[in-house]
Number of protein chains: 2
Amino acid sequence: MVTIEDVAKKAGVSTATVSRVINNVGNVSEKTKMKVWKAINELNYKPKILASALARHRERFLVGICESERLKNMEKEKIVPEFYTVILTALEQIGEEYGLKFCKMNLFSPTECDAYILVGGDTTKEVVEMYRELGKPFLLLDHYIPGEKVDCIVTNGFDGAYYATSYLIKKGLRKIFHIHGPLNSYGFKGRYDGYTSAMKEAGLLPKYYEYDDVKNNMDDVIEFMLRKNDIPEAIFASNDITAMRIIKELKKRNIKVPDEVSIIGFDDIISAKDFEPSLTTLKVFKDEMGSLAATRIYELLVGHNVHPVMVSLFTKFIKRKSSI
Amino acid sequence: MVTIEDVAKKAGVSTATVSRVINNVGNVSEKTKMKVWKAINELNYKPKILASALARHRERFLVGICESERLKNMEKEKIVPEFYTVILTALEQIGEEYGLKFCKMNLFSPTECDAYILVGGDTTKEVVEMYRELGKPFLLLDHYIPGEKVDCIVTNGFDGAYYATSYLIKKGLRKIFHIHGPLNSYGFKGRYDGYTSAMKEAGLLPKYYEYDDVKNNMDDVIEFMLRKNDIPEAIFASNDITAMRIIKELKKRNIKVPDEVSIIGFDDIISAKDFEPSLTTLKVFKDEMGSLAATRIYELLVGHNVHPVMVSLFTKFIKRKSSI
DNA sequence: TTGTACGCGTTATCAC
DNA sequence: GTGATAACGCGTACAA
């Protein structure tokens, strides 16, 4: 392994100078810079992020947590239960390990920071453009924008949905439906794809209904579904809230869960395990998302040319009483 | 930040003992273990991977690079050009930074190692099951298996395809076709999804043809396409080899590229820039895949309960002469 | 402008 | 069974 010391020796300077050249700080004469870069290239030296990060621990970076008003309100009204809190807690805890300080701000009017974490689905192409112009590293948390090649951390909805659907199929069920939110949301789209993919692979016909979260038209959706397709053997819902509303409507019509219809949700929100019946679901690791975000933003802050990636966390199937 | 020293002080032992307890090595009395765990929990201490990794550099891990015969033959016959070489080079270089040693072996009959990297698309559920039973960390490189929740590193075909298709649309083209390999391959499927997604969003009708890589039936595909849909304005191919074969067939029929038809490939294989005309394509960062694989397998080796994730690298659009 | 020396948090070696 | 301490590779006060 070639270290900074090897480079220093080869260039005939001290390790301090090499470090200064690499990180482009302090005053180094052009002549010395040339010598150092030459040595670096000849030895094919790559700085070790690990050691660098450790040594930089004294450095304090300020990272902006950027949220839209809409998201904050959803938090407040418990539509997106505990999401924000859990993420932020993990983010701050792991961030501390890297010497990160966090600072909340509005997504659309960020204040000066060393880096930014853009939370939730309200980040558009235009917003990304704005952050690009700030010239600081940033990443999307729980969101992805096709074609923009911007670093992001998301939950792998496809995989979870595929697993849940396959599970129901393996249990011998055939008439498995999917009720989902708007498919322009990346999260819902992935789950939809996972469901249809599993169904098609098993030679089954996917059947799905769109549900409007805001209007809460579950009554109509269920009514329509029952009239048109008779009773399904199972429904995979694109989140826990939706699953709970489905169960409520089924109960109203005296349809037994899970005896007549199995229901599976997505998220594992806190109330899922105390619901009646307790909800079978796919657990989303919000704390892991937070800690991954902290790790990633740190890499972007101190790493030399980091390639943009999408990191998607797998979910965990939690078997409870709402499904066979 | 709470360090190992804080824990040691609280438990009334040395840092060495705390380290021994955490990593479960050496001889520590049960009584001391209890004291240490108690202190760890009370302080909510989390070991710092960074420092741990740095200190462990002296340790040498042996990592198996597992490939199927099929893949090795494809390498040899240049069907998957330079893939193996580029990946392995980056893997070894970055791996060295972490004290990793690599050892090539057959995917289906691995020998004893500390961890494994399973290369390419021949890894099935059954193979995964076999590696799980080995009880060692492993990850898939350039492959993903739905529902298995196994760590993997892939290229984000969806994003690249979406970008390329959107690019053609923005240039004013409407009749954009897609010629793809078998969709049971994760890579081809993602690109297919990205293409159709971009087309649908623009209100255009996706049109695609499957091409059989092994039979090399490009002549038939092009013939069929031309007869049925007349001439497209552009074709997005699911890889460079396919793109080159398309161009060859079009040339044979005196159709000009890019004047009459724009062609975009995927991969940016070495020969892409010397092809006539040079190929517009989406560059896959093989070296980055290798280095990410090294980093990730190291995290799996030394990290405490690492959550499984899929890391997908964004591609880069390379504009050359085969497209407008 | 450059070099010396210390510290980042953890693990491993060697005493006891 | 346990403790003191020297590494690991790099960044940066401070000195020169």
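Quantities reported herein were computed from a predicted structural model and do not represent experimental measurements. Within every chain, numbering begins at 1; the chains are lettered A, B, ... in the order of the sequence lines, protein sequences first and strands thereafter.
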Within this structure, what is the CG-to-C1' distance between B:L50 and C:dC8, rounded to whole angstrom?
10 Å
Using 0.5 Å steps for rounding, measure from the CG atom of A:L91 to the OG1 atom of A:T295.
9.5 Å
Between its two end axes (five pairs each) the helix from C:dT1-D:dA16 to C:dC16-D:dG1 turns, nearest 10 degrees, through 40°
Any chance you could measure A:K38, atom NZ, to A:L43, atom CG, to the nearest 0.5 Å?
10.0 Å
Indicate whether OP1 or OP2 belonging to C:dT2 is found under 4.0 Å from a side-chain N or O atom of A:S29.
yes
Using a heavy-atom cut-off of 4.0 Å across all strands, would you classify B:V13 as base, sugar-phosphate, or nothing?
sugar-phosphate
Within this structure, what is the OG-CG distance for the pair B:S312 and B:N156, rounded to the nearest 0.5 Å?
4.0 Å
If you check the A:S52 side chain, which of C:dG3, C:dT11, D:dG11 turns out closest?
D:dG11
Given C:dG9, is OP1 or OP2 found less than 4.0 Å from the side-chain N or O atoms of B:T3?
no
Counting only side-chain heavy atoms from C-beta out, which of C:dT2, D:dG3, C:dG7 sits nearest to A:A55?
C:dG7
How do B:A51 and B:V25 order along DNA chain C: which one's closest nucleotide is nearer the 5' end?
B:A51
Nearest-neighbour nucleotide for the A:L54 side chain, C:dC8, D:dG1, C:dT11 considered
C:dC8
With a 4.0 Å cut-off on N to O distance, would you call B:K283 and B:E288 a salt bridge?
no
A:P110 and A:M130: which non-hydrogen atoms are nearest, and at how many Å?
CD-CE, 3.6 Å
Once you round it to whole Å, what is the distance between C1' of C:dG9 and CD1 of B:I40?
14 Å
State, without any angle test, whether A:E126 and A:T124 hold a side-chain donor-acceptor pair at a distance under 3.5 Å.
yes
On DNA chain C, compare the nucleotides closest to A:T15 and A:K33; which residue's is nearer the 5' end?
A:K33
Minimum-distance nucleotide to B:A16 side chain [options: C:dG9, D:dT2, D:dA4]
D:dA4
Taking atom P of C:dT11 as reference, at what distance in whole Å does atom OH of B:Y45 sit?
6 Å
Rounded to whole Å, the CD1-P distance (B:I4 to C:dC8) equals 14 Å
Given atom CD1 of A:I22 and atom P of D:dT12, what is their separation to the nearest angstrom?
12 Å
In whole angstroms, how far is the P atom of C:dT4 from the NZ atom of A:K9?
12 Å
In this structure, CE of B:M105 is separated from CD of B:E112 (nearest 0.5 Å) by 9.5 Å
NA contact type, A:S19, heavy-atom cut-off 4.0 Å: base, sugar-phosphate, or nothing?
base
For the pair made of CG in A:L301 and C1' in D:dC10, what is the distance, rounded to whole Å?
17 Å
Among D:dA4, C:dT1, D:dG1, which nucleotide has an atom closest to any side-chain atom of A:N27?
C:dT1
Closest to the B:R20 side chain: D:dT2, D:dC10, C:dT11?
D:dT2
Check the angle between the aromatic planes of B:Y144 and A:F314 and answer parallel, tilted or perpendicular using the 30° and 60° thresholds.
parallel
Atom-pair distance (CD1 on A:I94; C1' on C:dG9), nearest Å:
15 Å
